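Notes follow once the structure below has been shown.
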Amino acid sequence: MNLKEIMTPADCSIKREETVLKAVAVMKQKKWDIVPVLNGEGKLDGIFTRSTLFDMILENKPLTEPVHNFLKRDAVAVDYRTPFETVKEMVEKSGVGTGVITEEDGRVIGLLRKTDMVMGLLRSSNALKEQLETVLKISHLGVLMTDGDKRIVYANDQFIRMSGQELNGLAGKQLVTLFPDLDCDSIDSLFFSKVNIGNEQAMLRLSSFKTGENSRGLIALLQDISELEQMAQELKTVKNLKQTLDTAIEHAYDGILMVNEKKKVTMVSPPLLDLFSLEKEEVLHRPIEQVLPQMNLCSVFQSGEAELSDFLEVNGIKYIVNKIPVEQDGEIIGALGKVMFRQLNQVSELFNKLEKAEKKAAYYKTQLQQTETARFTWDEIISSDPYVEKLKRSARKAAKGRSTILIRGESGTGKELFAHAIHGSSVRKDGKFVTVNCAAIPEHLLESEFFGYEDGAFTGARQKGKIGKFDLANGGTLFLDEIGDMSLALQAKLLRVLQEREFYRVGGTQRIHVDVRIIAATNRSLEEMVEKGEFREDLYYRLNVISLQITPLRERKADIYLLTDTFIKQLNRMLGTSITGIEKNAEAVMMNYDWPGNVRELKNVLERAMTFAETGKIILEDLPEYMINIKLPAAEEPELKMAESAEKSVIQRALDNAGGNKTKASQLLGISRSGLYEKLKKYQL
């Protein structure tokens, strides 16, 4: 115990020059038997005791005399750091009931009374009692104690549960009544592997302890055998599992090795030792980097992820290492290395065959999907032009309905992309998307392509007939590209299908019902064709329910920057080139060009330029001659500044739309983050 915890604080003292009356007042107020008296340096000069006061009263000495005349100067001051056992011995030999406690410098800080010691010992005893009871409670041991006459004086809850008796029924009983077969006389310590207690069996250990000068009691500790038997069974199961695992590892087809958190080998299989011509003693409990550095097993401690090595070779045998981190509670506590080397060539050949078969199947699946599903989404329609963005929003709304949509625009503006995106965001997206190019199919075959034909409908027809595009698109979308090139006769039949949702196959008599949504596209002026009688007016109004007009590239030249960055990335992957951008003079020519072929022409020009480019950037000489020979404005610099102004405006708009998020802005612009940072630095945005 710490003396400071049990002492009475000396918060009041008197000086040696003060009177006895002052000392008596302090003793009365504090109820002390002694009062420490300090010298001029504030240290203990002596003590004034109650017995001294009694002597003065009997001798009729005045209480107004200085207290230093009546001090006991042989009082022992005890440093607060003195061990309690030493203090206890001092108190036992001392005739004074109160001692003085001091700091290192001799300053008085408290009094140690016998009452303080008794209370301190009582608190300590209670604390030890609580600790002991807690230990006994959680130890799962039954505990019994007797006095010197072998009568039970204590039993914990576990023993009461094991014996099936109440505490009141146990108290005072002789120990022999519980264990009649045991000889409990003259023992210091005995162990019994099995005794009966209540309805259970337990192991018993008896020990004696001193209860008085000539008396010794007994302590009985009982352990439930059923718990030990369960532990033994679990241990046996673990040992069997370990033996099974060891056997599996010993006969594993490939080598296995394990290291602990200190990167030392804890387990290694014989096949691995055979591969590297090593003995088990050379590897086990050794650092992995010393014995097998070629496995590089420690790398997973940094990465925290499983890794697979390249092909390695030892003694002419190729092998690969599968490195796997072992985690526990979120921390890596080791690593497992699996070495594969036996018949690796055969496995590699089988894998290559499987990979080729999967690629072939994936190719045919992709080709099938591309012919009958939408391949493009809204994200692939790249533009920062406000009109195009508005057009995309309108097309998204139109996609949710069933109305026929007419997409108009010059060749190469992206009409087919819009058609694919509309189907992909419509309720028919799970249905087929069938495309018919009305300008690419001979007129005499258009009807059979649209509606199909029956067996023997005409010379050269298939024996079992053929279904048409309307049949294929049933439940989905039929995209009629270049609708303006369709003959008047076929226009009449198409009008009937749109109105009645039914048709006859060529050479057939059975009426076919279909549910098809029509999306048409044209680069011609249907109004002029209607006036000239080249296009049916009723079909025109049937198709022109929702009309989307795509602007040409020359009217939204700011998009050239976005499209160029996107196409360069795509073409780099396709062509195997490493083009990073376009020189300013070449860029100025491209911005001045009218692009009659629109986006399609832009991509073709970039593909040609990247093929011929000899540096990391496209230069003026890489562009087609017909573009270079176009006369530029009088001053190229103003045109360049106009292009830069347009680019700056586009970047600022993208930053505003992204709320200042540069990652999102770079995605909107279709350029990399590093490219965006270069533009921001260039334009001081």
Side-chain angles (χ1 to χ4, degrees), residues 138 140 227-362 365 573:
I138 65 176
H140 299 290
E227 294 183 6
L228 296 177
E229 289 176 344
Q230 183 179 355
M231 293 172 59
Q233 184 61 40
E234 291 178 357
L235 179 60
K236 184 178 180 181
T237 302
V238 171
K239 290 177 69 176
N240 291 341
L241 182 61
K242 181 180 181 299
Q243 184 61 43
T244 302
L245 182 61
D246 288 343
T247 302
I249 291 173
E250 289 285 331
H251 298 85
Y253 192 73
D254 290 329
I256 297 176
L257 177 142
M258 181 176 287
V259 299
N260 59 17
E261 68 276 6
K262 296 180 180 180
K263 302 174 184 177
K264 291 186 177 181
V265 179
T266 57
M267 184 271 291
V268 60
S269 67
L272 188 142
L273 295 172
D274 293 340
L275 175 65
F276 292 99
S277 302
L278 293 170
E279 296 295 332
K280 193 172 185 178
E281 294 75 17
E282 300 177 58
V283 178
L284 209 58
H285 309 304
R286 298 280 301 279
I288 184 65
E289 291 297 327
Q290 290 183 9
V291 291
L292 290 168
Q294 60 270 45
M295 292 182 65
N296 193 25
L297 200 58
C298 296
S299 62
V300 297
F301 282 89
Q302 283 76 38
S303 66
E305 297 179 356
E307 300 175 5
L308 188 66
S309 73
D310 293 329
F311 278 98
L312 304 173
E313 186 173 329
V314 58
N315 300 327
I317 302 173
K318 289 186 177 181
Y319 66 95
I320 55 177
V321 182
N322 189 7
K323 296 168 278 188
I324 306 168
V326 180
E327 293 188 17
Q328 182 177 351
D329 298 329
E331 294 185 2
I332 298 178
I333 61 170
L336 180 69
K338 181 179 179 182
V339 178
M340 294 169 281
F341 62 94
R342 294 180 177 170
Q343 296 184 351
L344 200 57
N345 293 333
Q346 292 90 325
V347 174
S348 178
E349 290 176 4
L350 290 173
F351 179 78
N352 289 335
K353 289 181 181 179
L354 177 61
E355 188 177 29
K356 289 179 181 179
E358 288 179 344
K359 286 182 177 179
K360 191 173 183 179
K365 183 178 179 180
R573 289 191 291 268

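Worth saying up front: this structure is predicted, and the values here are computed from it rather than measured. Position 1 is the first residue of the sequence; numbering continues from there.
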Of all heavy-atom pairs linking Met295 and Val339, the shortest is CE-CG2, 3.7 Å
Here the pair of heavy atoms bringing Gln328 nearest to Ile333 is OE1-CD1, 3.2 Å
Please indicate whether Glu279 has more than 12 foreign heavy atoms, meaning atoms of other residues, nucleotides or ligands, lying under 6.0 Å from its CD.
-> no
| Got Glu282 and Val291 here, is their nearest side-chain heavy-atom distance under 4.5 Å? | no
Next on the checklist: If you define the side chain from C-beta out and look only at heavy atoms, does anything of Lys338 sit under 4.5 Å from Ile324?
Outcome noted: no
Nearest heavy-atom approach of Ile332 to Glu261 is O-CB, 4.5 Å
Output for pair (Lys323 NZ, Glu305 CD), nearest 0.5 Å, gives 12.5 Å
Open item on the list: Could you check whether atom CD of Gln302 has more than 12 heavy atoms from other residues, nucleotides or ligands sitting under 6.0 Å from it?
Closed with: yes
Between Leu257 and the options Leu336, Thr266, Val265, the side chain to side chain contact (heavy atoms under 4.5 Å, CB included) test singles out Val265
What one should report as the nearest heavy-atom pair of Glu327 and Gly304 is OE2-O, 3.8 Å
Taken to the nearest 0.5 Å, the spacing of Gln294 CD from Glu289 CD works out to 9.5 Å
Heavy-atom nearest pair, Glu307 first then Ser299, reads OE1-OG, 2.9 Å
Q) Looking at side-chain heavy atoms only, is the closest gap between Leu278 and Leu292 below 4.5 Å? A) yes
Between Ala335 and Phe301, the two heavy atoms sitting closest are CB-CE1, 3.9 Å
